[in-house]
Protein chains: 2
Amino acid sequence: MTHTKKKQPVAPRANLTMADLAELAGVSKITVSRALSESPLVNAETRERVQALARKHGYKLNVSARNLRLRRSHTVAVIVEMKPSSGRTMWDPYPLSLLGGISQELTSAGYSVLLTTRQGATDAPVQAADGIILLGQGAHQDAVRFYDRLGMPMVVWGAAEQGGDNHIVVGSDNRQGGISAAERFVSIGRRHPVFIGNPDHPEMAQRLFGFVDELANHGIKPLLLRRAEFTLESGIEAVRSLSDRKVRFDAIFACSDLLAMGAIRALVELGQSVPNDVSVIGYDDTPLGASFLPPLSTVRQNWQEGGVLLARKVLAQIHGQTVQSQMMATTLVVRAT
Amino acid sequence: MTHTKKKQPVAPRANLTMADLAELAGVSKITVSRALSESPLVNAETRERVQALARKHGYKLNVSARNLRLRRSHTVAVIVEMKPSSGRTMWDPYPLSLLGGISQELTSAGYSVLLTTRQGATDAPVQAADGIILLGQGAHQDAVRFYDRLGMPMVVWGAAEQGGDNHIVVGSDNRQGGISAAERFVSIGRRHPVFIGNPDHPEMAQRLFGFVDELANHGIKPLLLRRAEFTLESGIEAVRSLSDRKVRFDAIFACSDLLAMGAIRALVELGQSVPNDVSVIGYDDTPLGASFLPPLSTVRQNWQEGGVLLARKVLAQIHGQTVQSQMMATTLVVRAT
DNA sequence: CGATATCAAGATATCGATATCATTGATGCA
DNA sequence: TGCATCAATGATATCGATATCTTGATATCG
């Protein structure tokens, strides 16, 4: 006595193949393939018949087989690489906002998004992709180099660094953001501005440079206040430390909206008026900042658009075109602070 | 004169195969395959030699070929399906928080995450996966049915509905969340509570039911205030409408922290004291609520853990085990409101 | 009418890996 | 010595799709 049919532990659904379909339709595999891919090489009547059969039996294309034959996977790996120092959850909302645009653009181009963090032991999944989008939060040059040597099309989000052999960089124009903030402060007559942020982070460093340079044009030298965290608490604490040190200041440029809101809260506690005594500009234009009281002035980055741009650039690279790094404009949104 | 080598537009890197490696090592393909997969069937010395060669030449496994042969992709499709009504960006942070746990768990199990929205014309990419995780925001029963008939292992995030043939449901215990809020209000002597949220959304409906039922045990009937949006503005507006209608109330259970914060802001504007006149409980325990003034009481859902659970359940299904739907406990976090 | 396009479909090879069965030489044991 | 056992490796078939080259039938043209 023999087992005629083994128990199938994994996927009991018996998928039928093109060969099966071919037999059912009384044609060859290749004709089925052509019919399903709308090739003009098959008779219209045949095509209809095959397609109807495929629908009827719930035929599913075996993507692996097709990928193998075509030598491409129609997949782009999106690697979310955060600064390894912060052992916290890898999922600050920031890089995720880009994901919207990325996913939208890739999907509509017929590509899939393979989401990865670096922690994965193997790079096998990444190598299966046709290209790479690397999202990181500063200080990840080692990651860039690591993936760069895979020799795959790659686009990195961030501050414009050199841009290696295979990869290019897309990011928002942080320097311009810093300049805008400086211009605003100058135009409303502030003379003692403070910068709150973390210059070790390349993107923030750009903001700082823009800020400092523009202010220098007007003979102003801002105070740099380092903060590693971009939370509300960190902002509160930052302003308190300024107050403790009896520092005189009349403007704050913070590297995130949360930081800015924290700062404002601390200022109010200290009896300072915003924006009369101290003017505050945040960064990111989060929805929260807009409905904060008072509504927060901020530098806007368009994440959605950034994601779309990232996607377009990888796709272009995959299609063999030469593409260039690009910085996206930032906008100063002046509200009440 | 003939072209001996065509220009390769896409990927100029000539990947070498196991066959190449075999030739280099003077063994057969199979031996290479075995050596690279640490099979005990090859001599240790041979294994080392092959592996060294692979490293030296930067050999990359062709994942498509392996997937084809092994008839599995080691990939789980994560489908982010939002309520189609809201034409807004599909990327509220909510489902994305789950992504952290999902990605972490799947990656460490050697699986990849294929990220998708439904908008993609084809389901081909999804069908290439070994399983599906469906993240949605209420009112997506049609989506569930759609993917259910693919006959693949599937886990859905949300309120426990029937749970179809192939899929099970994981979510947080919204009903319990509602009960906790009710208990709290009762225990501090509130008699006129209001519920703000959207009962069309299954998860919110559960919260409402729990809330209503528990209050009923104490002879209290809450007021239901429908709000479709979960923003700060919506919360503000909700309280104003209550005030306009001269409704008497002493407690608010809001379906999101933002809603709650908006409500508090409106209450303060109206000269009401929180929590003396009106007690407020939010939902989600966002970091923002914790640092709000006054710090917000809220019902906490553990997203990270939810993601992990989702991932574990699909994997179990993929491995042929029978798994069951599960609701995760919620915690009432009592702060100042 | 014969030669040549044109159209529809099929035969075969191939993508790169792994499962299965077969082979080889060395060793153990009676 | 003879035969079973075992360790290491190889030959071959196979996963399911598509590219390339053919084939056969029909249409077109000078």
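In what follows, every chain begins at residue 1, and chains take the letters A, B, ... in the order their sequences are listed.
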query = Quick one: is the NZ or CZ of A:Arg145 closer than 6.0 Å to the six-membered ring centre of A:Tyr147, and within 45° of its axis?
reply =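 No, A:Arg145 does not sit over the ring of A:Tyr147.
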ask   = Taking the six-membered ring of A:Tyr59 as reference, does the NZ or CZ atom of A:Arg55 fall below 6.0 Å from its centre and within a 45° cone about the axis?
value =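 Negative - A:Arg55 is either too far from the ring of A:Tyr59 or too far off its axis.
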query = Whom does C:dA5 pair with, Watson-Crick or G-U wobble, provided both distances fall under 3.5 Å?
reply =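 Across all strands, the one nucleotide that pairs with C:dA5 is D:dT26.
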Ignoring backbone atoms, establish whether [X] has a side-chain N or O less than 4.0 Å from OP1 or OP2 of [N].
X: B:Ser33; N: C:dT18; answer: yes
X: A:Tyr59; N: D:dG16; answer: no
X: A:Arg71; N: C:dG16; answer: yes
X: A:Thr17; N: D:dG16; answer: no

Side chain of [X] (C-beta onward), nearest among [options]:
X: B:Ala65; options: C:dT18, C:dG16, C:dG10; result: C:dG16
X: A:Thr46; options: D:dG10, D:dC15, C:dA9; result: C:dA9
X: B:Leu70; options: C:dA11, C:dA19, C:dA9; result: C:dA19
X: A:Asn62; options: D:dG16, C:dA17, D:dT18; result: D:dG16

Give the rounded distance in Å between these two atoms: [atom1] of [X] and [atom2] of [N].
X: B:Arg69; N: C:dA17; atom1: CZ; atom2: P; result: 13 Å
X: B:Arg47; N: D:dT9; atom1: CZ; atom2: P; result: 10 Å
X: A:Met18; N: D:dA19; atom1: CE; atom2: C1'; result: 13 Å
X: A:Arg49; N: C:dA9; atom1: CZ; atom2: C1'; result: 12 Å
X: A:Lys29; N: D:dT20; atom1: NZ; atom2: P; result: 16 Å
X: B:Lys60; N: C:dC15; atom1: NZ; atom2: C1'; result: 17 Å
X: A:Glu23; N: D:dG16; atom1: CD; atom2: C1'; result: 15 Å
X: B:Asn43; N: C:dT24; atom1: CG; atom2: C1'; result: 15 Å

task = Between B:Leu41 and B:Leu68, just flag the one whose closest nucleotide in DNA chain D comes earlier from the 5' side.
result =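 Taking each residue's closest nucleotide, the earlier one in sequence belongs to B:Leu41.
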query = Of B:Thr31 and A:Leu61, whose closest DNA chain D nucleotide lies nearer the 5' terminus?
reply =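 The residue mapped nearer the 5' terminus is B:Thr31.
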task = Hey, which sits more toward the 5' end of DNA chain C by its nearest nucleotide, B:Ser64 or B:Ile30?
result =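 The residue mapped nearer the 5' terminus is B:Ser64.
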key: Any donor-acceptor N/O pair under 3.5 Å between D:dT20 base and A:Arg34 side chain   =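 It does, because a donor-acceptor pair links the side chain of A:Arg34 to the base of D:dT20 below 3.5 Å.
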key: Exam field: side chain A:Gln317 to backbone A:Met154, donor-acceptor pair closer than 3.5 Å   =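 Between the backbone of A:Met154 and the side chain of A:Gln317 there is a qualifying donor-acceptor contact (under 3.5 Å).
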ask   = Above 12 or not: heavy atoms from other molecules or residues under 6.0 Å from CD of A:Glu45?
value =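 Above 12, so yes.
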query = Any side-chain heavy-atom pair from A:Val80 and A:Leu99 closer than 4.5 angstrom?
reply =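 Sidechains of A:Leu99 and A:Val80: no contact.
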query = Base, sugar-phosphate alone, or nothing: which one does A:Val63 contact when heavy atoms must sit under 4.0 Å apart?
reply =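 The residue A:Val63 makes no contact with any strand.
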inquiry  = Whether the B:Gln51 and B:Glu38 side chains hold a donor-acceptor pair (N or O, under 3.5 Å, no angle test) is what I'd like checked.
reply    =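 Present: a donor and an acceptor within the cut-off.
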